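Quantities reported herein were computed from a predicted structural model and do not represent experimental measurements. As a basis for the values below, the full set of heavy atoms in this structure was taken, side chains included, without hydrogen atoms, waters or symmetry mates.
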Amino acid sequence: MAKKKTNKKQAADLPKWLASALAVVLVIGGIGVTGAKSMGKDTAWAEQFLAGLDQFLYGETAVVPAGPVEGTLQVDIIDVGQGESILITTADTAVLIDAGENNKGNVVLDHLAARGVERLDIAIGTHPHSDHIGGLDTVLESIPADVVLMGYVPEKRLPTTKTYLDLLDVMNRKNIPLEIPEPGQQYQVGDGVLTILGPVGEYDDLNNCSLICRLDFGEVSFLFSGDAEEISEQAVLKSGANVDVDVMTMGHHGSSTSSSKAYFQAASPEYAAISCGKDNDYGHPHRETITKLKNADVTYYRTDLSGTITYITDGTEIIKVETER
């Protein structure tokens, strides 16, 4: 068991942070916020919330040992237009990262049904922007989940948007625990390992609060960075985290503000995926990102052109890449 490191700054700021969290609770009638380990009601909820803070600051992290793998692992970059949603499945495990905009929850549910997913071991809301967590409340209304993971958001940036509160509401009603993992924390995904790499530190911009994850299945690895931008990427690199992978989802829908030169070179992917909407208002993916991919001879796919993108690995190599169109 690897001991979690205490974040002294967060510990020192805890009373303010807790006060802000409880203020949001009052707004939404007893629903937990960032840092809650479990979401119940009334005094039971308060006890669970404080227990979650204790786990977040001082708890232990179970390190999943690497080993041989059986079967295959599949990663679907679901076409949700200008947003992002990623499904990871093995024979007996399912992990969902984000669920697109508010009107894309049923699109994600349809995809889960087509893949035979009836429950989620882990649901991840990388950061509280609607194009990432908007459809997650719809998904969790219909599909049970063991836990929801979110990136750490500082006190002054705790959202009060309807999108965020709707998600917390369904988690409260369904008694789905919320965890705010630290960098280095790991979760087992079948025979694979999901490692949290970031965010490292605190950020005012919610994009940089994105949960950054590395997935290893045998000798094959994936990198998921949400909307993290260069400042967050640099912090991950400075932390010494290994971002060298086979498949990389380009940050922030292919924006030039993400997948910075150093981060991209450290990842050195063979494949890349860009989740973006056709003719979107942001010009994603940006020309600089496409140039970067072409110059590095990376095989890349875009959901706006190819629809849902699927990578299948046997733990030795990527054995199949499929696109919807």
- Can the ring centres of H132 and H252 be said to be less than 6.0 Å apart? no
- Does any N or O in the side chain of E233 come within less than 3.5 Å of the main-chain N or O of S260, such that one atom is a donor and the other an acceptor? yes
- Does some side-chain heavy atom of V80 sit less than 4.5 Å from a side-chain heavy atom of E101? no
- So T126 and D98, side chain to side chain donor-acceptor pair (under 3.5 Å) or not? Walk me through it. CA-CA 6 Å; T126 55; D98 292 333; 2.7 Å; yes
- Message: Tell me whether E70 at atom CD has more than 12 heavy atoms from other residues, nucleotides or ligands lying less than 6.0 Å away.
- Response: no
- Message: Please determine whether a side-chain nitrogen of the Lys or Arg among K104 and D131 lies less than 4.0 Å from a carboxylate oxygen of the Asp or Glu.
- Response: no
- Task: Classify the side-chain pair T195/D216 by whether it contains a donor and acceptor separated by less than 3.5 Å.
- Result: no
- Around atom CZ of R325, are there more than 12 heavy atoms of other residues, nucleotides or ligands at under 6.0 Å? yes
- Item | Donor on one side chain, acceptor on other, T161 and T163, under 3.5 Å | no
- Query: When you look at CD of E118, are more than 12 heavy atoms from neighbouring residues, nucleotides or ligands closer to it than 6.0 Å?
  - Reply: no
- Item | Sole candidate of Q82, H253, R302 that passes side-chain hydrogen bond (donor to acceptor under 3.5 Å, both in side chains) when paired with H284 | Q82
- Would you find a donor on one side and an acceptor on the other, under 3.5 Å apart, between the side chain of N208 and the backbone of A228? no
- Same apolar cluster: V245 and F264, side chain cutoff 4.5 Å: yes
- Message: Tell me whether E230 is salt-bridged to K261, with the criterion being a basic N under 4.0 Å from an acidic carboxylate O.
- Response: no
- Message: So I86 and F222, do their side chains get closer than 4.5 Å, heavy atoms only?
- Response: no
- Hey, is R157 close enough to D204 for a salt bridge, meaning N to O under 4.0 Å? no
- Message: Quick check on I290: does its CD1 atom have over 12 non-hydrogen neighbours (other residues, nucleotides or ligands) under 6.0 Å away?
- Response: yes
